[in-house]
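First the structure, in the form of structure tokens, and then the observations on it.
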Amino acid sequence: MSNPKKITHEKPGKFEESRFEKIHSLTFDSAKNGSKLVAKEIVDSINSKKNKPFILGLATGSSPIGVYKHLVEYYKKGKVSFKNVITFNLDEYYQINKSHPQSYFTFMQNHLFSHIDIPSGNINIPNGNIKADEVLVNCKKYEEKINTLGGIDFQLLGIGRTAHIGFNEPGSNKNSVTRLIVLDPITREDASSDFNGVNMVPEKAITMGISTIMKSRRIVLLAWGHKKSKIVAKTIEGPISSNAPATFLQNHDNISIILDKEASDDLTKNKTPWVVKECKWNDHLRKKAIIWLSNKTKKPLLKLTLRDYNENGLATLVAEQGNLHDLNIWIFNEIQKTITGWPGGKPDHDDTYRPERAKPAKKRIIIFSPHPDDDVISMGGTFVRLIEQGHEVHVAYQTSGNIAVSNDEALKFIEVMYGIDKKDSLYNEIKKQILLKKDGEPESKNVMHLKSLIRKSECIGASKFLNLPQKNLHFLNLPFYETGFIKKNDPSEKDYNITTELIKKIKPHQIYAAGDLADPHGTHRICLDIIFKSIESIKNEKFMDNCWLWLYRGAWQEWNIEDIEMAIPMSPSQVIQKRNAILFHQSQKDKVMFQGNDKREFWLRAEERNKKTAKKYNKLGMAEYEAIEAFKRYYF
Ligand code: F6R
């Protein structure tokens, strides 16, 4: 992907491939590169005003952080001054004190204002700490102040999963102005990690309205990551509706949406490119298109006809291949050969068309598990096979997972502890620390330790059940996780070193890691990045020539069928064995602390997902399995 040098606003749908798009969008290879260019546009716009006031609308949340970082850099290099910039923030939580660590006031100070030369009188953020009867008047004044200054020159936006812009949740009217609103449950869920639990997230907020935003002369909306891809596609291609307030932006004539690759995945031009343009076919795209065709026509691969291809815009595929029969057989074999009961390779068998190497027959393997239960939730069936087939399996639990143990669960364990050793002092101390901790305070070291031990004991129980010796379990307790809050630190050298040392010690032939980028709290993502970076630092070592990295997906999503390179089928009894291994993680059962929007328990989620993958394979014409675990190889 080549990144543009400048963000120029184009008419949406100008090119054939974007004909479904009603808002101009640009996709960058990374959020970092996109943010840099947006910051550059802001700096150029400020400078072009030549000492006249520049009215800048600002957003908070994770999306604009990179832009603010680059603005600060531009300022420090003397490329821009903010003396004549007047800012208006989109929103603020209600009721919240300015000094609250999660107020948008604090956010803006931390990420931008305290690092630049903006006069404090030029900063406007809705006041979230006013009485109910003052709200209306305050909102009116906010709106009037923007209008009196001539309106917003440049408005930066993020987008929520509910398609909110600012905090204009579904139901917001296109004529809405600055006002008090009630936050959608999904938005509160998304903010729960910042507030250390969903119950701590304010229920209301003050936000600029849709019409306030739409009056801006230039709008740039940022969206990063897979989590945003569906809502981005809906915003850019869907019908305008107050159920998805961001779609009102389709009526703005100077807006650009800036995306990274993951956030743009669900746009028609990326999801089904053959629908919008002539494609340059490669094997992966061919696979993707034919699987799509099979789903659409509800026919297994070997029953697809010439008419099916023709009527669905895939005639060129057959023409290029020369013959329908060969094409159908090719795709059938491609999918068929991903299926194997031998995740560590089948000894003494030709491995030309198998996902894994036959040699060495006994492999050393590390399964990296971001939280203490991802190993069994995501690949419990494969895990058992690897052990049963005689490989030397190690599990590395990357984080302690302590934050996800509830206080009730922890209290239960100290009662047991007290029952055994009858020592008052530690019992009373821990009990006090649990019961007296105020919202927003970090967890004490003792309680963190206790909660880590609870999860560790669950891992030991599960692995014993699967016949894996305890000496093969490695509890890495990566330091980035140990903050005592939901919010984690950035990974540091310590995290990389711990990981690298383990890989160097075991010299694995296979590494399994969670490639689950949609984890709501980002821990899976950080854990994967740590593995990538650690591998990068030792990839020239001899043993790494024989090391393959397989990615599994966590509880939240599955690979697309065209991406799966190894599919491990499970029988009904293996499904039950996996379920029982997951159930060893008692602290994660029933009232789970960080469940996300999916209310099913983890074992059920995993089971239904594995069954769904098996069904999808079956519908394509593969054998009928009870369940399938899926993996994608990562080439380093
Ligand atoms: C914040 C705001 C919201 C966020 C949106 C996305 O000022 O107005 O609309 O932009 O909730 O949040 P992130 O960027 O954290 O995904």
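Nothing here was measured: the structure is a model prediction, and the numbers come from that model. Both counts, for ligands and for their atoms, begin at 1 and track the order of listing.
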Which residue holds the protein heavy atom closest to [atom], what is that atom called, and what is the gap in Å?
atom: atom 14 (O) of ligand 1; answer: Ser63 OG, 2.4 Å
atom: atom 15 (O) of ligand 1; answer: Ser62 N, 2.7 Å
atom: atom 10 (O) of ligand 1; answer: Gly158 CA, 3.2 Å
atom: atom 6 (C) of ligand 1; answer: Ile159 O, 3.3 Å
atom: atom 16 (O) of ligand 1; answer: Lys228 NZ, 2.5 Å
atom: atom 9 (O) of ligand 1; answer: Gly166 O, 2.6 Å
atom: atom 8 (O) of ligand 1; answer: Asp91 OD2, 2.5 Å

Hey, do the aromatic rings of [X] and [Y] have their centres closer than 6.0 Å?
X: His70; Y: Tyr74; result: no
X: Tyr512; Y: Phe631; result: yes
X: Tyr93; Y: Phe167; result: yes

Exercise. Is NZ or CZ of Lys533 both nearer than 6.0 Å to the six-membered ring centre of Tyr496 and within 45° of the ring axis?
Worked result: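 Here Lys533 passes the 6.0 Å and 45° test against Tyr496.
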Exercise. Is NZ or CZ of Lys488 both nearer than 6.0 Å to the six-membered ring centre of Phe480 and within 45° of the ring axis?
Worked result: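 No, Lys488 does not lie over the aromatic ring of Phe480.
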Exercise. Looking at His164, which atoms of ligand 1 are within less than 4.0 Å of one of its heavy atoms?
Worked result: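 In order of numbering, the contacting atoms are 3 (C), 5 (C), 9 (O), 11 (O).
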Exercise. Counting from 1, what ligand 1 atoms have a heavy atom of Ala59 closer than 4.0 Å?
Worked result: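 By the 4.0 Å cutoff, the relevant atoms are 7 (O).
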Problem set entry | Donor + acceptor pair across side chains of Tyr94, Asn127 (<3.5 Å) |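 There is no such pair between these side chains.
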Problem set entry | Polar atom proximity, Leu90 to ligand 1 (N or O, under 3.5 Å) |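 Min N/O separation from ligand 1 is not below 3.5 Å for Leu90.
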Exercise. Is Tyr104 in polar range of ligand 1, meaning some N or O pair under 3.5 Å apart?
Worked result: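 Min N/O separation from ligand 1 is not below 3.5 Å for Tyr104.
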Exercise. Does ligand 1 have a heavy atom under 4.0 Å from the side chain of Thr60, from its backbone, from both, or from neither?
Worked result: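 It is both backbone and side chain that touch ligand 1.
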For this session: Any ring pair (Phe, Tyr, Trp, His ring centres under 6.0 Å) involving residues 115-157? Give me the pairs, sequence neighbours left out, ordered by first then second residue.
Result: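 Residue pairs with at least one partner in residues 115-157: Phe88-Tyr142.
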For this session: Inspect the surroundings of CG in Leu604 and state if more than 12 heavy atoms from other residues, nucleotides or ligands are less than 6.0 Å away.
Result: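 Result for CG/Leu604: enclosed.
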